[in-house]
Amino acid sequence: MLIYFLDMFGTAIFAASGVLMAGRLRMDPFGVVVLASVTAIGGGTIRDMALGATPVFWIHDTNYLWVIFITCIITMLATQRPRRMPRYFLPVADAIGLAVFVAIGVEKSLRYGASPLVAVIMGVITGCGGGVIRDVLGREVPMIFRTEVYATACIIGGVVHTLSLSLGVLPSMAAIMGIITTLSIRLAAIRWNLSLPTFALRN
Amino acid sequence: MLIYFLDMFGTAIFAASGVLMAGRLRMDPFGVVVLASVTAIGGGTIRDMALGATPVFWIHDTNYLWVIFITCIITMLATQRPRRMPRYFLPVADAIGLAVFVAIGVEKSLRYGASPLVAVIMGVITGCGGGVIRDVLGREVPMIFRTEVYATACIIGGVVHTLSLSLGVLPSMAAIMGIITTLSIRLAAIRWNLSLPTFALRN
Amino acid sequence: MLIYFLDMFGTAIFAASGVLMAGRLRMDPFGVVVLASVTAIGGGTIRDMALGATPVFWIHDTNYLWVIFITCIITMLATQRPRRMPRYFLPVADAIGLAVFVAIGVEKSLRYGASPLVAVIMGVITGCGGGVIRDVLGREVPMIFRTEVYATACIIGGVVHTLSLSLGVLPSMAAIMGIITTLSIRLAAIRWNLSLPTFALRN
């Protein structure tokens, strides 16, 4: 129940991030809906295909699609009023959606019998997959590769989530701990421009 | 039966559009076949994976693959004769393939128990998916985003198809009505350079 | 057993090729793991999704994931020592991984009841799919399109593999014959810069 509400919340946030990119690309309204949908449900769709959890989640439950459509309309209307968006709005919204989706991916994968290691990977796919497809379609370097501490935050959040479960923490509490972990790391990275040392070839 | 013939026809047309792009990229014959195949069966493959209709359609029925191979050979030979292609040839061929594939996607999704909303989305995926993959691989902005009234035509065609069915129209007649709708909108858009007002961020 | 060992070997080689590209892109360690994983298991994941062999192979058998992680660490450490990489190292490593993965894809598809034609295509997808995703994410023209005799080598290797089987050759021997064929063609193409005549539009 809590998980379901958070899933809808993350779907709306990711759809909005897709709408905002579509606005930068000056797309028509139906193109906006396509890019918003791909961003919001792309990661979970890859996860479900890989798990064999088909038909994938949004075929069973069309609430996801309605949330995306309504988010598209609200976001398009809201951005037409001439006012400045706060500077951190986009990255922070992205961080919230990311944290929630990682937890959803971990939870669903464990429910389908995946090992903790696989569940963490599925969490990363659920969180980052939609954004990667959005960026590839918009011909940008995927945010997961150009943004510091992005995949890193997802992996650590997923590990906290699965570790908490194996230590006997209640499922919804473990999910919230995972979400807070992923979100905190991303917000800290955004605020203080954190980055890990990068790996570069010497030759 | 009619649906099956139209499916083969759309497969050939989409394969040819892949061959023509491969020709612009100066690829070798086997690369041509790869790009033609991805364009022709990519959208339907994503649809079948999402529906859980696996093994996907071209594993069951290799006629699709033979149609692609033969189309590759014919298209490569035909384009070697020094004559001008009519200016509208590529966009019109693309429009016909698009219209047919949307109808195929709607029809198959409903057969697998999808709701009308999901069926329309699967129609869009079937019609646009292969072309999106083709364009991403060829490093172009996907036609669905750079061409006006593209996703729009698919969505309206899919809605006409599912609405007709729910009003009691015979399946093959409903499919043809959907095809004619998608095709007419695309042809009108190509002929008169129609476009919807675009959405752009103001900030 | 032999097939399984070769699969792990190919996984390590492809993961290393992903690490080396991540090094050119100056990614952080977790980004390196993501790109290495996508390169190593991307092709097989698409194959399993299309075959309906879900959950996909690396969910069942996490050895693949451990091989990737260990390869990432070893490759990152090894490349920090200031020495020149031999000029042919990358293309030759890629050729070995390619040849092995084509054989794995052919073998698994036949095991799932695919026809020889489909098995060859699945071999190409298994061999080339991960590299295509790696190149799309790294915003390079996919190696399969910019490198001569690449898809060609996979197709011929797959045909030799399936033809040998239909002539009664033992499965592991047929796999090795396919591997040697793909590898020889790629190595010859690298050494002598072989290429097929390309197809170009005349209009």
Side-chain angles (χ1 to χ4, degrees), chain A residues 19-38 41-42 44-46 48-66 68-69 72-73 75-87 89-90 133-139, chain B residues 45-54 56 108-110 112-122 124-125 127-129 131-133 135-159 185 189 194-203:
Chain A
V19 173
L20 294 172
M21 188 197 249
R24 287 204 300 274
L25 297 174
R26 307 188 80 85
M27 288 163 55
D28 74 24
F30 289 94
V32 170
V33 172
V34 170
L35 199 60
S37 304
V38 161
I41 59 182
T45 300
I46 298 174
D48 283 359
M49 286 175 176
L51 286 173
T54 51
V56 299
F57 66 103
W58 50 269
I59 294 180
H60 285 302
D61 179 355
T62 52
N63 285 350
Y64 291 93
L65 303 175
W66 293 115
I68 292 169
F69 292 162
C72 284
I73 292 166
T75 310
M76 282 193 280
L77 292 178
T79 52
Q80 291 316 299
R81 291 166 55 188
R83 71 178 161 204
R84 290 192 72 76
M85 261 205 312
R87 186 176 148 216
F89 182 81
L90 261 177
I133 301 174
R134 175 197 63 205
D135 295 342
V136 166
L137 293 180
R139 303 227 301 170
Chain B
T45 300
I46 298 175
R47 174 201 64 213
D48 283 359
M49 286 175 175
L51 287 173
T54 52
V56 300
K108 180 158 190 178
S109 304
L110 293 172
Y112 273 76
S115 65
L117 173 63
V118 169
V120 171
I121 293 171
M122 287 297 178
V124 175
I125 291 174
C128 302
V132 168
I133 301 174
D135 294 342
V136 166
L137 294 180
R139 303 227 302 169
E140 299 203 356
V141 176
M143 188 182 260
I144 188 173
F145 296 139
R146 86 189 120 95
T147 308
E148 303 298 347
V149 202
Y150 200 86
T152 312
C154 298
I155 293 170
I156 298 175
V159 168
I185 296 173
L194 301 185
S195 65
L196 291 178
T198 59
F199 159 64
L201 286 184
R202 295 189 200 176
N203 59 352

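So that the names make sense, note that chain A is the first sequence line, chain B the second, and so on, each numbered from 1.
- Taking A:I133 as the reference, A:V38, A:I46, A:L137 meet the side-chain contact (heavy atoms from CB on, under 4.5 Å) condition, with sequence neighbours excluded.
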Kindly list each side-chain donor-acceptor pair under 3.5 angstrom involving residues 53-60 of chain A, sequence neighbours excluded, with atom names and distances?
{"residue": "A:W58", "atom": "NE1", "partner": "A:T45", "partner atom": "OG1", "Å": "2.9"}
{"residue": "A:H60", "atom": "NE2", "partner": "A:P55", "partner atom": "O", "Å": "3.3"}

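- With respect to chain B, the highest number of heavy-atom pairs below 4.5 Å among A:G138, A:P29, A:G31 belongs to A:P29.
- Note that CD1 of B:I121 and CG of A:L65 are 4.0 Å apart. Values are rounded to the nearest 0.5 Å.
- Among the candidates B:V136, B:V124, B:I155, the residue making the largest number of heavy-atom pairs closer than 4.5 Å to chain A is B:I155.
- Both the backbone and the side chain of B:T152 come within contact range of chain A, each with at least one heavy atom under 4.5 Å from a heavy atom of that chain.
- Residue B:L51 touches chain A through both its backbone and its side chain, counting heavy-atom pairs closer than 4.5 Å.
- Residues A:V34 and B:Y150 are not in side-chain contact: their nearest non-hydrogen atoms beyond the backbone lie 4.5 Å or more apart.
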